[in-house]
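Have a look at the structure below, then the notes.
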Number of protein chains: 2
Amino acid sequence: MSARPPHQPHLGDLIGAERDIVARLAEVDLDVDYDALAVVSNIFRVAAMARRRIEQVALAPERLSWTAFTTLWVLWIWGEMESRHLAAEANVTKGTLTGVLDTLEGRGLITRRRRTSDRRLVMVALTDEGAEVIARVFPNVNATEVEVAGHLSSRQRRAMAGGLRAMVRGLAES
Amino acid sequence: MSARPPHQPHLGDLIGAERDIVARLAEVDLDVDYDALAVVSNIFRVAAMARRRIEQVALAPERLSWTAFTTLWVLWIWGEMESRHLAAEANVTKGTLTGVLDTLEGRGLITRRRRTSDRRLVMVALTDEGAEVIARVFPNVNATEVEVAGHLSSRQRRAMAGGLRAMVRGLAES
DNA sequence: CGCCTACTGTTCGGGTCCGAACGGTAAGGT
DNA sequence: ACCTTACCGTTCGGACCCGAACAGTAGGCG
């Protein structure tokens, strides 16, 4: 391992880089599933890149993070809802959601209201200003999503959509 | 918008939830590309879920985050390398990498060495203990990746791999 | 040499992000 | 009423994560 000669990876040449990784891992005596490795690691890569792109292009003018946008968007679509459902829809833990809601509440974009019938529950809703912000920013976000997904053919886009749904289902129920 | 009747989303029912979203957005007078929206948002969803799964199952015993694991893994594959290249491979900004390397250095898993020929550059390498950790944890991570990708048929897996590569290329060069 | 430009890693402020621990609330049983 | 159990949102500590600002280094170029 320490006697390995220096080697520069092929940045930007994904296929070449992946081939090099296979060669490197072949030196180690391990059974590696390269297809699973490539799919999962490229999902992380695409997610991080797309998130940065959307935040820079569409969200930076409104000073919103991707998670803050998602939270507002869910409330925009579904209307006032319980905090725990909001966390599930936005795909964050309840602890994280508390912090995000603190930020959004401080900026006057959402309100929290404790239920009287069950005082454990907190109802979250958009303010008028919050509704204005999400209505203004959503078209720009969707346009950036179109640009990101535009690197796929329509066949690829359908296949990706189906595969991703299968993975969401599989991950959710196991 | 505020006069909208209360409505519960289809938690766990992805297709049904997406249908409801289409119905909700139809009320607003907007041109929305639902395919792009579904692909991009499901990429984020799968990425977050898979990341949590891998961290809980394979990384928690070693107290490693996904990013810390990725950093060690890159160094394991390529050997000692410049900090800027490491950041590009791990897909984080240089500012983030500084913090991650601080953590890993404090735990004795990597070393930093400033180059004498060009004192701007910092070379990063695994320690012996870092190499032991990554060699021990990588098989478990790959096994979890296999489980995550196992929710796809082999056809779907190939299609996903191709689509993701196309998106990485497209995002990188624009 | 002195200046200017470019580049590298670090620092900084603000915002997520998680799991675990915590305090408050509800509901069923006794 | 009391107790036990289960559940909800918040708090906490620690770790990422980003862009912007910064200090240090290198390499021209007159």
Side-chain angles (χ1 to χ4, degrees), chain A residues 44-45 47-72 81-88 90-107 109-124, chain B residues 44-45 47-72 81-88 90-107 109-124:
Chain A
F44 290 140
R45 189 170 291 270
M49 294 173 85
R51 181 177 177 139
R52 276 197 291 268
R53 175 68 54 90
I54 292 174
E55 287 183 343
Q56 288 167 351
V57 173
L59 262 29
E62 300 282 353
R63 299 186 305 120
L64 287 174
S65 68
W66 168 256
T67 302
F69 163 79
T70 302
T71 303
L72 295 179
M81 66 191 299
E82 299 176 15
S83 187
R84 60 199 170 127
H85 293 152
L86 181 55
N91 201 30
V92 292
T93 62
K94 55 186 184 173
T96 299
L97 184 63
T98 295
V100 174
L101 292 181
D102 286 344
T103 301
L104 294 174
E105 194 177 30
R107 291 175 56 181
L109 303 182
I110 60 106
T111 57
R112 274 193 264 222
R113 183 170 64 83
R114 197 167 277 276
R115 272 210 163 168
T116 52
S117 61
D118 187 339
R119 293 190 50 75
R120 289 174 301 186
L121 302 177
V122 169
M123 303 295 290
V124 185
Chain B
F44 290 140
R45 188 171 292 272
M49 293 173 84
R51 182 178 176 140
R52 276 198 290 269
R53 175 69 54 91
I54 292 174
E55 287 182 342
Q56 287 167 352
V57 173
L59 263 28
E62 301 282 353
R63 298 187 305 121
L64 287 175
S65 68
W66 168 256
T67 303
F69 163 78
T70 302
T71 304
L72 295 179
M81 65 191 299
E82 298 176 15
S83 187
R84 59 198 171 129
H85 293 152
L86 182 54
N91 201 29
V92 292
T93 61
K94 55 185 184 173
T96 299
L97 184 63
T98 296
V100 174
L101 292 181
D102 286 344
T103 301
L104 293 174
E105 194 178 29
R107 292 176 54 183
L109 303 182
I110 61 106
T111 56
R112 274 193 265 222
R113 185 170 63 83
R114 198 165 276 276
R115 270 211 165 167
T116 52
S117 61
D118 186 340
R119 293 192 48 77
R120 291 174 299 186
L121 302 177
V122 169
M123 303 295 289
V124 185

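In what follows, chains are A, B, ... by sequence order, proteins preceding strands, each numbered from 1.
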Could you give the [atom1]-to-[atom2] distance, from [X] to [N], as a whole number of Å?
{"X": "A/Phe44", "N": "D/dC17", "atom1": "CZ", "atom2": "P", "value": "11 Å"}
{"X": "B/Glu82", "N": "C/dC7", "atom1": "CD", "atom2": "P", "value": "14 Å"}
{"X": "A/Arg52", "N": "C/dT16", "atom1": "CZ", "atom2": "P", "value": "17 Å"}
{"X": "A/Leu97", "N": "C/dG15", "atom1": "CG", "atom2": "P", "value": "16 Å"}
{"X": "B/Glu55", "N": "C/dC18", "atom1": "CD", "atom2": "P", "value": "9 Å"}
{"X": "A/Glu105", "N": "D/dG9", "atom1": "CD", "atom2": "P", "value": "14 Å"}
{"X": "A/Ile54", "N": "D/dC18", "atom1": "CD1", "atom2": "C1'", "value": "15 Å"}
{"X": "A/Ile110", "N": "D/dG9", "atom1": "CD1", "atom2": "P", "value": "13 Å"}

Partners of A/Arg52 by side chain to side chain donor-acceptor pair (under 3.5 Å), sequence neighbours excluded?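 Per chain and number, A/Arg52 pairs via side chain to side chain donor-acceptor pair (under 3.5 Å) with B/Asn91.
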What residues form a side chain to side chain donor-acceptor pair (under 3.5 Å) with B/Arg113, not counting sequence neighbours?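 B/Arg113 satisfies side chain to side chain donor-acceptor pair (under 3.5 Å) with B/Glu80 once adjacent residues are dropped.
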Let me have the donor-acceptor pairs involving side chains of residues 56-63 of chain A, under 3.5 Å, with sequence neighbours excluded, atom names and distances please.
from	atom 1	to	atom 2	distance (Å)
A/Glu62	OE1	A/Arg136	NH2	3.3
A/Glu62	OE2	A/Arg136	NE	2.7
A/Glu62	OE2	A/Arg136	NH2	3.3

With [X] via side-chain contact (heavy atoms from CB on, under 4.5 Å) - residues at least two apart:
{"X": "A/Arg115", "result": "A/Glu82, A/Ser117, A/Leu121, A/Met123"}
{"X": "A/Thr96", "result": "A/Val92, A/Thr93, A/Val100"}
{"X": "B/Thr111", "result": "B/Ala125, B/Thr127"}
{"X": "A/Ala87", "result": "A/Leu97"}

Heavy atoms under 4.0 Å, any strand shown: does A/Gln56 hit a base, just sugar-phosphate, or nothing?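 Sugar-phosphate only.
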Could you walk me through whether A/Leu101 and A/Leu86 satisfy the side chain to side chain contact (heavy atoms under 4.5 Å, CB included) test, starting with their C-alpha distance in whole Å, then the side-chain angles of each, then the deciding distance to 0.1 Å, before giving a yes or no? CA-CA 10 Å; A/Leu101 292 181; A/Leu86 181 55; 4.2 Å; yes
Under 4.0 Å from any atom of DNA chain C, heavy atoms only: list the residues of residues 111-122 of chain B that qualify, in numerical order.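 Going residue by residue through residues 111-122 of chain B, the ones with a heavy atom under 4.0 Å of DNA chain C turn out to be B/Arg112, B/Arg120, B/Leu121, B/Val122.
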Reading nucleotides 11-16 of chain D 5' to 3', which nucleotides get B (base under 4.0 Å from a protein heavy atom), which S (sugar-phosphate only), which -? B----S
Hey, are the side chains of B/Leu64 and B/Leu72 touching, using non-hydrogen atoms and a 4.5 Å cut-off?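 B/Leu64 reaches B/Leu72 side chain to side chain.
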